[in-house]
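Each chain gets a letter, A, B and so on, in the order its sequence line appears, and its residues count up from 1. Computed over heavy atoms, backbone and side chain alike; hydrogens, waters and symmetry mates excluded.
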Amino acid sequence: MQWRMWRGDPSINDYVDRWAAPRLLREYGITLRTIDGQGPAIVNQLVVERDARARGSADLVWINGETFNNLRKENLLYGPWAHRLPAARYVDSLSPIVMRDFEQPTSGFESPWGRVQFTLIYDSARVPAPPRTIAELARWIRANPGRFTHDQQFTGMTFLKSVLYAENGGRRSFENGFSEKRYAEGSQRLWAWLNGVRPYFWRRGETYPAGVADLHRLFANGEVDFTMSYNENEVITKVRQGVLPRTSRALVLRDGSIANAHFVGIPFNAPNPAGSMVVANFLLSAAAQLEKLRPEVWADGTVLDVRKLPPELAVMFRGVDTDPRAIPRDTLRRYEVSELAAEYTQRISRDWKARIRANPR
Amino acid sequence: MRGLLVAILVAGPVLAGIAYSMLGALGVVGPGASGVSLRHLQVVLADSATWWGLLWTVWIALASTLLATILAMGTAVAFRAERGVDRFARLVAVVPLAVPHVVAALGAVLVLSQSGLLARLAFAANLQTSPADMPPLIYDRYGIGLILALSWKEFPFLALIAFSVIARRGALLEETARSLGAGPLQTFRVATLPALWRGLLPSMIAVFTFVAGNYEVAALLAPSSPLALPLLTMERYTDSALDVRGEAFVLVLLAMAVSLCGVAAHEWTANKFEAAE
Amino acid sequence: MKASRSGPRVGLTLVLAIGALLPLALLVALSVSVEWFYPTLLPGRWSSANWDFLGRGSEVIFSSLWTSVALALCAGVVSSIAGLFAGREIARLDGWRRRLAVALAFLPVAVPPLALSIGLQYSLLRAGLGGRFVGVMVAHIVPALGYTTLFFVGIFAVFDWRVEQEARSLGANPFDVLRRVTLPLLRRPLVEAFALGFLVSWAQVPLTLLIGQGLVNTLPLELMSYVNAGQDHLAATAGLVLTIPPLALLVVAGLAVRRLRVVIA
């Protein structure tokens, strides 16, 4: 069966191709083939396939957030099915991060796979005492002009959302779905903060790196002193791959670290939905979640509630996380905040492009 | 008559694509389509980002084409003999043709960025102490690095044509001019340059059209504002809000209109020079 | 030509060589290293990890390489032959008909690949060609055929039709004329047209992406995903692999041209 997923990270590819796929073949007789595709491309793909009545090209898709939102709106997902999986009972169903995708209940249309949290990344050799809050960051930026920026895509927008929370008294202000009024008030403060520090951004805030990969490159080569990631452990894998300098460290902002889960879904026209469910179930298994958690593999958080597992398995989970650079789990939990309704993200992205990006001066 | 039919066959897929894009621009088909409406057209045409993007893309295409042409002419004139050095130079000049655009773009980032090879050389020569000392060549509003990268990629194509022009007519023209008493600079201006220009102009227009539509190189080297037309198009086509995607079709039509102008210009100049020969 | 100007000429050649080859040298250095950050001029750590990775993920890399080669070969063969016939027909027109025909043939070349992909995606998917090798091949042939047709229009523009006319006046039928007279004269242009079609398909990204729907994986697509993921060293390695066949083709075409010129001249 075919799984459409993002293939840009060699560590993730290794986990899927060389750990998961052979076991799927051995234990279930499933030949797993992965194809590259992500977010909007997946949505476009399915829309065109539906319009052209073409056969489905994927049985399983790796999605979250806005993608899930769009697919549900257009009825492009098969389901509900996720709650029927045997492994679903071990999922951390009390966590809003796992059970709601950008505030939209998953309703069994997607099955959780992993969870991550947003962090800044800094170089401990260059910035020994990094700022810990958004306010401190603003001061740091003004004191060190030209050494900070953010990217234009998902990671950069998550950063902007973090600023939104911080400037508006926390996530509480934005509960219960999208409100035009609250967005208008909240975003005013966000633009005010940005316009205040923008002249001190890299290249005076006149241009921004296209994606987080470009930002990583700027950071690694000393053009800026911070980069960021929506995965708290990406710094570990990237250092291992030689993409980031060895003295890089992750940093959780005290104003709140946005956490979200990523999921797998089954397209409406999947040729082999039964196979997809088997794969999704396998991905939820303790063994698969444990392997994925290892810092030398992917360092992606688990969606399982460890307390629900049989004791011999639960113990193994506590034993992982031996990388000294990883942020302690309780620190992460203390500052975790969940995502807002997807429409906030869309509006922030659109308005940022129109108000900030389009006006370099 | 058969020739026209054949030509229509060759162009067929493009014509079909134009038709589909028109339908998409009107909201009839495509992701997020909701029925006939002029909304997409209005939004896109009223957006200043569209026109800035178009203008900027045209600027980049013009500058790259001109630079590539100058390089091509220069190489052809400087290395026109049949000696070893000249033949080696002509061979080396063709190498960028084989390098795929994406690879060339990556190379440009690594050489021209503020922390790239040039910057590191300057650092080693004590000319700078940090990346910020290096003037920005990529992601800059004039697109200098982008122009350099595109010229690097396109100049072999023009150089090949320039080589054949010089080889075919160069010697004759120059001898004629020389026999009439012209010095080397005059010879170039009066004899060689016009021949090169006539031979190259149609291809220059082709290069212009091609560069204006290139996505991969701009994706790696262009600034975020003004946003080049291909990048703007891709952004709209992959926007998370489905109804925005119809705007991508309008931009596609805009890009195709630019190409059509290029084709028309190419035909006109090619015929003008054919008539003159 | 005065021989005394060889000094500056050598200097100029050096500048040209460095300009043309430096990016490639840089990519080679990237491919055999990891951790290469500003301001170091030499990589922080030499490593074969990148080539190892490509060799290890060999199913993916080699299959994408093979797909790229197969697509480019098919596109080259089909577009060069079809281009020859198309170019010939168009070259026989004149006046406004010819200008229109050339402009039409120019369209697949001038239209941006991204725009073309967005426009074509629906029709090809409807025809059931989406996500299949054949579909991507058809998509690649669209621009390739444009290039080769224009190429042959140029060739036939200076072609001496009298050769064909004489053969015809000697009693040969059109098919024989084609086979025995025209084609042998066009061997070199056919080789060049094949190279042209091959190269157009080889480096193609948007068409493969949108028509192949990710099911048809080519080396340029692998490369794009490495670049987008910030994996510069891997991207450089894949980029070098991507550059080798076109370079080789250029060398071969260059040699073939030289040898043929000796034979013909």
Side-chain angles (χ1 to χ4, degrees), chain B residues 2-4 6-8 10-11 13-14 16-18 20-21 29 75 78 81 85 88-89 92-104 106-108 110-111 115 117 119-121 123-124 131 206 209 213-216 220 230 233-234 237 248 252 255-256 259 262-264 266-267 271, chain C residues 1 6 9-10 12-13 16-17 20-24 26-27 30 38-41 86 89-90 92-93 97-116 118-120 122-123 142 145-146 149 203 205-206 220 223-224 227 232 235-236 239 242-243 246-247 250:
Chain B
R2 211 163 41 168
L4 262 185
V6 166
I8 292 179
V10 171
V14 178
I18 294 180
Y20 183 69
S21 300
V29 293
T75 314
V85 167
F88 174 72
V92 154
V94 177
V95 165
L97 196 61
V99 179
H101 279 81
V102 184
V103 180
L106 184 61
L110 299 168
V111 172
S115 54
L117 191 63
R120 300 182 200 195
L121 284 170
F123 183 88
T209 324
N214 182 270
Y215 171 76
E216 301 98 74
L220 281 182
T233 313
M234 186 59 120
Y237 197 59
V252 162
M256 287 186 171
S259 315
V263 170
H266 178 272
E267 284 320 297
N271 287 307
Chain C
M1 288 274 87
S6 81
R9 178 149 310 190
V10 169
L12 219 57
T13 314
L16 185 64
L21 301 175
L22 184 67
L24 283 178
L26 197 61
L27 293 176
L30 266 166
Y38 178 93
T40 58
L41 273 178
E89 291 307 317
I90 294 177
R92 279 157 72 168
L93 297 169
R97 271 182 267 262
R98 185 200 171 125
R99 285 207 287 272
L100 179 60
V102 172
L104 280 170
F106 201 62
L107 275 181
V109 170
V111 162
L114 179 62
L116 187 59
I118 292 177
L120 277 185
Y122 178 79
S123 346
V142 171
L145 184 56
T149 304
V205 169
L223 180 56
M224 285 296 295
V227 172
D232 288 351
L242 195 60
T243 310
L247 266 180
L250 273 183

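- Atom-to-atom distance recorded for B/Glu216:CD and C/Leu114:CG is 9.0 Å, nearest 0.5 angstrom.
- Nearest heavy atom pair, residue B/Ala98 against residue C/Thr243, reads O-CG2, 4.0 Å.
- If you measure heavy-atom distances from C/Leu12 to chain B, the contacts under 4.5 Å come from both the backbone and the side chain.
- B/Thr209 places no side-chain N or O within 3.5 Å of a backbone atom of C/Ala110 that could act as its donor or acceptor partner.
- The candidate with the highest count of non-hydrogen atom pairs below 4.5 Å against chain B, out of C/Ala203, C/Ala17, C/Gly146, is C/Ala17.
- Contact annotation: the side chain of C/Leu242 never approaches that of B/Val102 to less than 4.5 Å [non-hydrogen atoms, C-beta and beyond].
- Counting heavy atoms from C-beta outward, B/Val10 and C/Leu104 have side chains that stay 4.5 Å or more apart.
- Comparing C/Ala235, C/Pro112, C/Ala105 by heavy-atom pairs within less than 4.5 Å of chain B, the highest count is held by C/Pro112.
- The two residues B/Phe88 and C/Thr13 have their closest heavy-atom pair at CD2-CG2, 3.7 Å.
- Ranked by non-hydrogen atom pairs under 4.5 Å with chain B, the options C/Leu107, C/Leu93, C/Ile118 are led by C/Ile118.
- When each of C/Ala115, C/Pro23, C/Pro220 is checked for heavy-atom pairs under 4.5 Å with chain B, C/Ala115 comes out on top.
- In this structure, the separation between CZ on C/Phe106 and CD on B/Glu267 is 7.0 Å, given to the nearest 0.5 Å.
- Counting heavy-atom pairs closer than 4.5 Å to chain B, the top-ranked of the candidates C/Leu120, C/Val205, C/Val109, C/Thr149 is C/Leu120.
- Contact of C/Val111 with chain B is made through backbone and side chain together, with heavy-atom distances under 4.5 Å.
- The side-chain hydrogen bond (donor to acceptor under 3.5 Å, both in side chains) check on B/Arg2 picks up C/Glu89, with sequence neighbours excluded.
- With chain C as partner, the option from B/Thr233, B/Asn214, B/Val85 having the largest number of non-hydrogen pairs under 4.5 angstrom is B/Val85.
- Only the side chain of C/Leu27 has a heavy atom closer than 4.5 Å to any heavy atom of chain B.
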